[in-house]
Amino acid sequence: MALLHFHTIPTFSSISSFYSSSPSTSPQFSPSHSSSVKTLQQNLSLSPFSFPITKDPHFSFSTHPRRLLCKPPLGKYVREDYLVKKKTAQEIQELVKGERNVPLVIDFYATWCGPCILMAQELEMLAVEYESNVLIVKVDTDDEYEFARDMQVRGLPTLFFISPDPNKDAIRTEGLIPIQMMRDIIDKDM
């Protein structure tokens, strides 16, 4: 039969009342105890879970630019001689609004994303297979963070299939999908 041991954890009110008590009522500690009390006070005030609270009512994470902790890797698998070219947000908007007679496939990816690398290989095969019958482009979500946020890209890779017919809705997929599914969307729904 196992014995259970219960430990009593002092509440914050009992700790704070202990520290705020007058010196005449507080118990006398030896020097080693007083240093441990100071250490406990410092640990409570410098807790890793205490964050500064912003009182600014206009503060929003969406209004401030995103700061990267480090620069993303340059992606050794992304080359310039691929058929699927990387585009900026402005170039993508011009493609969508412009005159097209072929479907447009937009791949939102990141250089650090493993499934994105696999999807890039499938898109290259599609670009070879369909040649000039489909326009396939890609957008780096690290470079075009605001555009990806506006397009509500939550997972990577995300594909948008946009028909040249303005009456047809765009089709959106998230995650790694088989190449045959992409063929079916292009052939049947565009």
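Between Thr173 and Thr158 there is no side-chain heavy-atom pair separated by less than 4.5 Å. Taking 4.5 Å as the limit, some side-chain heavy atom of Ile177 sits within range of a side-chain heavy atom of Met119. Inter-residue side-chain proximity for Arg183 and Lys188 is flagged as unmet; no heavy-atom pair is nearer than 4.5 Å. When side chains are defined from C-beta on, Trp112 counts as touching Asp142, because their heavy atoms get closer than 4.5 Å. You'll find the side chain of Glu122 stays beyond 4.5 Å of the side chain of Leu118, heavy atoms only. A heavy-atom distance below 4.5 Å is found between the side chains of Arg100 and Leu104. Side-chain contact check for Leu156 versus Thr141: some heavy-atom pair is nearer than 4.5 Å.
Atom CG in Leu123 sits 12.0 Å away from atom CD1 in Ile106 (nearest 0.5 Å). Once rounded to the nearest 0.5 Å, the distance linking NZ of Lys85 with CG of Leu135 reads 12.0 Å. Atom CD1 of Ile171 sits about 5.5 Å away from atom CD1 of Ile185, to the nearest 0.5 Å. The CD1 atom of Ile162 sits 11.0 Å away from atom CG of Asp169, with the distance rounded to the nearest 0.5 Å. Separation of atoms CG (Leu126) and CG (Leu83) is listed at 11.0 Å; rounding is to 0.5 Å. Note that CG of Asp107 is 10.0 Å distant from CG of Asp140, once rounded to the nearest 0.5 Å.
In this structure, Phe108 and Phe160 have perpendicular ring planes: the angle between them is above 60°, well past the 30° mark.
Taking the side chain to side chain donor-acceptor pair (under 3.5 Å) definition, one finds that Asp165 meets it with nothing, sequence neighbours left out.
Between Lys86 and Asp143, at least one side-chain nitrogen of the basic residue sits less than 4.0 Å from a carboxylate oxygen of the acidic one, meeting the salt-bridge criterion. One finds no salt bridge joining Lys87 and Glu144 here, because no Lys/Arg side-chain nitrogen approaches an Asp/Glu carboxylate oxygen to under 4.0 Å.
In terms of heavy atoms, Arg154 sits closest to Arg172 at N-NH2, 4.0 Å. Across all their heavy atoms, Pro164 and Met190 have their closest contact at CD-O, 4.3 Å. Residues Val102 and Asn133 approach most closely at CB-O, 3.4 Å, considering heavy atoms. Of all the heavy atoms in Pro157 and Pro115, the pair that sits closest is CD-CB, 3.9 Å. Met182 approaches Leu159 most closely through the heavy-atom pair SD-CD1, 3.6 Å. Residues Glu174 and Gly155 share a closest heavy-atom pair of OE1-N, 3.8 Å.
Between the side chains of Tyr130 and Asp187, at least one donor N or O sits under 3.5 Å from an acceptor N or O.
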message: side-chain contact (heavy atoms from CB on, under 4.5 Å), that's the test. Do Gln93 and Phe147 meet it? Break it down for me.
response: CA-CA 10 Å; Gln93 291 171 355; Phe147 180 56; 3.9 Å; yes

task: Show the numbers, then the answer: is there a side-chain contact (heavy atoms from CB on, under 4.5 Å) between Ile186 and Phe161?
output: CA-CA 8 Å; Ile186 291 169; Phe161 296 85; 4.1 Å; yes

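Within 6.0 Å of CD in Gln180 there are more than 12 heavy atoms belonging to other residues, nucleotides or ligands.
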